[in-house]
K.L.:
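Pasting a structure below so you can have a look.
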Amino acid sequence: MSANQPPSYFPAPRRARFCSQCGSPVARRVPDGDNRERDLCDHCGAIHYQNPRMVVGTVPTWQGRVLLCRRAIEPRYDTWTLPAGFMELGESTAQGAERETLEESGARIALGQLYTVIDVPQVEQVHLFYLAEALGPELDPGPESLEARYFDEAEIPWSDLSFRTVATTLQRYFEDRRRGTFPTQHYTLDSRR
């Protein structure tokens with residue numbers, strides 16, 4: 001890092017130091033009528049709620065093969081993932097999943113059903129993956145991906161997957177594909193396991 005570069009934080013700290021409404025320092029305590037500590041401003045009264053971040057993505061397939069992207073960004077640079085990322089304000093979970101798939105792989109998809117809902121409380125996230133069918137084999141990875149390609153089940157780089165949510169979603173996907181049914185699944189990944 002050069003002397004002119006500001007320090008960077010990834011991910012950015014969640015705790016507020018100053019009020020985003022008036023710029024005054026914030027305090028951390030339980031507001032009246034609440035049951036947990038929050039960042040609040042004693043000057044203007046704003047309460048700065050922090051809620052889980054939503055990660056949205058897809059399990060895209062083309063002719064029975066699953067699309068994975070090799071990450072060009074941290075965390076987990078140079079590992080494989082399903083196309084996914086943080087949901088943006090003003091979009092639905094489905095819109096976010098389609099956007100992330102296009103941005104990371106260039107794949108055009110027909111979005112299917114919601115497939116996995118995964119609570120990841122230790123990192124304050126909820127991950128949602130939709131089933132999707134690619135509209136063609138064409139891929140054009142964006143700047144967040146080193147490459148994108150389709151894998152048969154036997155080719156999946158299991159030991160080189162980016163996140164447990166990706167690994168568990170893929171494991172369940174292949175199990176369900178053998179059964180011929182894809183129920184929506186909700187589960188929690190506990191850091192203690």
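Because the structure is a prediction, the values reported are computed rather than measured. For the single chain, residues carry numbers from 1 onward in sequence order.
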K.L.:
Output all residues satisfying ring pair (Phe, Tyr, Trp, His ring centres under 6.0 Å) with Phe174, sequence neighbours left out; order by chain, then residue number.
P.N.:
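If we apply the ring pair (Phe, Tyr, Trp, His ring centres under 6.0 Å) test to Phe174, skipping adjacent residues, there are no hits.
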
K.L.:
With side chains defined as the heavy atoms from C-beta onward, is the minimum distance between Leu128 and Met87 less than 4.5 Å?
P.N.:
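The answer is no; the side chains never approach within 4.5 Å.
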
K.L.:
Can you sort out the partners of Glu133 under side chain to side chain donor-acceptor pair (under 3.5 Å), two or more places apart, ordered by chain and number?
P.N.:
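For Glu133 the side chain to side chain donor-acceptor pair (under 3.5 Å) partners, ignoring immediate neighbours, are Thr61.
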
K.L.:
Salt-bridged, Glu155 to Arg149, with N to O below 4.0 Å?
P.N.:
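A salt bridge is absent here (no side-chain N lies under 4.0 Å from a carboxylate O).
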
K.L.:
State which residues pass side chain to side chain contact (heavy atoms under 4.5 Å, CB included) with Pro31; sequence neighbours excluded, sorted by chain then number.
P.N.:
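In terms of side chain to side chain contact (heavy atoms under 4.5 Å, CB included), with neighbours along the sequence ignored, Pro31 is linked to Asp34, Arg38, Leu40, Ile47.
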
K.L.:
Does the Ser105 side chain pair with the main chain of Leu102, one donor and one acceptor, at a distance under 3.5 Å?
P.N.:
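It does not hold such a pair.
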
K.L.:
Can you check whether Val66 reaches Leu82 side chain to side chain, under 4.5 Å on heavy atoms?
P.N.:
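Counting from C-beta outward, Val66 and Leu82 do come under 4.5 Å.
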
K.L.:
Which residues pass the salt bridge (charged side-chain N to carboxylate O under 4.0 Å, His left out) test with Asp160, sequence neighbours left out?
P.N.:
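Asp160: no salt bridge (charged side-chain N to carboxylate O under 4.0 Å, His left out) contacts found.
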
K.L.:
Looking only at non-hydrogen atoms, find the nearest pair between Gly136 and Tyr150 and report the distance.
P.N.:
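Between these two residues, the closest heavy atoms are O-OH, 3.6 Å.
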
K.L.:
Who pairs with Arg36 by salt bridge (charged side-chain N to carboxylate O under 4.0 Å, His left out), at least two apart in sequence or on another chain?
P.N.:
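Arg36: no salt bridge (charged side-chain N to carboxylate O under 4.0 Å, His left out) contacts found.
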
K.L.:
Would you say that Tyr187 contacts Arg172 through its side chain, given a criterion of any heavy-atom pair below 4.5 Å between the two side chains?
P.N.:
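Sidechains of Arg172 and Tyr187: in contact.
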
K.L.:
Report the hydrophobic cluster partners of Phe18, with the cluster defined as I, L, V, M, F, W, Y residues connected by side-chain heavy atoms closer than 4.5 angstrom, directly or transitively.
P.N.:
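Other cluster members: none.
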
K.L.:
Does the side chain of Tyr77 come within less than 4.5 Å of Leu146's, by heavy atoms?
P.N.:
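Yes, side chains in contact.
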
K.L.:
For Tyr173, what residues pass the ring pair (Phe, Tyr, Trp, His ring centres under 6.0 Å) criterion, not counting sequence neighbours?
P.N.:
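Scan of Tyr173 (ring pair (Phe, Tyr, Trp, His ring centres under 6.0 Å), adjacent residues dropped) gives Phe182.
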
K.L.:
Considering residues at least two apart in sequence or located in another chain, which fulfil the side chain to side chain contact (heavy atoms under 4.5 Å, CB included) criterion with Ser145?
P.N.:
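Side chain to side chain contact (heavy atoms under 4.5 Å, CB included) check on Ser145 returns Cys69, Glu104, Pro141.
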
K.L.:
State which residues pass side chain to side chain contact (heavy atoms under 4.5 Å, CB included) with Ala94; sequence neighbours excluded, sorted by chain then number.
P.N.:
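For Ala94 the side chain to side chain contact (heavy atoms under 4.5 Å, CB included) partners, ignoring immediate neighbours, are Ser92, Leu111, Tyr130.
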
K.L.:
Heavy-atom count check: over 12 atoms from other residues, nucleotides or ligands less than 6.0 Å from Arg178 CZ?
P.N.:
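Check passes, neighbour count above 12.
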
K.L.:
Could you see if Val166 belongs to whatever hydrophobic cluster contains Val126? Use Ile, Leu, Val, Met, Phe, Trp, Tyr and a side-chain cutoff under 4.5 Å.
P.N.:
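No, it is not one cluster - the side chains of Val166 and Val126 are not joined through contacts under 4.5 Å.
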
K.L.:
Name all residues meeting the side chain to side chain donor-acceptor pair (under 3.5 Å) criterion together with Glu88; count only those two or more places apart in sequence or in a different chain, and write none if there are none.
P.N.:
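Side chain to side chain donor-acceptor pair (under 3.5 Å) check on Glu88 returns nothing, list empty.
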
K.L.:
I'd like to know if the side chain of Thr184 and the backbone of Leu114 have a donor-acceptor N/O pair within less than 3.5 Å.
P.N.:
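Judged by distance alone, yes, a pair lies under 3.5 Å.
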
K.L.:
May I have all residue pairs that pass side chain to side chain donor-acceptor pair (under 3.5 Å) and include part of residues 18-29, sequence neighbours excluded?
P.N.:
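Sorted result for residues 18-29: Arg28-Asp39, Arg29-Asp42.
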
K.L.:
Do Arg76 and Thr81 make a side-chain contact, defined as non-hydrogen atoms from C-beta onward lying under 4.5 Å apart?
P.N.:
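Arg76 does not reach Thr81 side chain to side chain.
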
K.L.:
Once side chain to side chain donor-acceptor pair (under 3.5 Å) is applied, do any residues pair with His186, and if so which ones, sequence neighbours excluded?
P.N.:
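His186 satisfies side chain to side chain donor-acceptor pair (under 3.5 Å) with Asp119 only.
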
K.L.:
A side-chain contact here means heavy atoms from C-beta on lying under 4.5 Å apart; do Thr58 and Ile109 qualify?
P.N.:
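Counting from C-beta outward, Thr58 and Ile109 do come under 4.5 Å.
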
K.L.:
Any idea which heavy atoms bring Ala134 and Trp62 closest together, and the distance?
P.N.:
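Distance-wise, the nearest heavy atoms are O-CE3, 3.3 Å.
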
K.L.:
Side-chain contact, heavy-atom cut-off 4.5 Å: Thr165 with Phe129?
P.N.:
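Yes, their side chains come closer than 4.5 Å.
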
K.L.:
Arg99 side chain to Glu103 main-chain N or O, any donor-acceptor pair under 3.5 Å?
P.N.:
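Looks like no, no N/O pair under 3.5 Å.
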
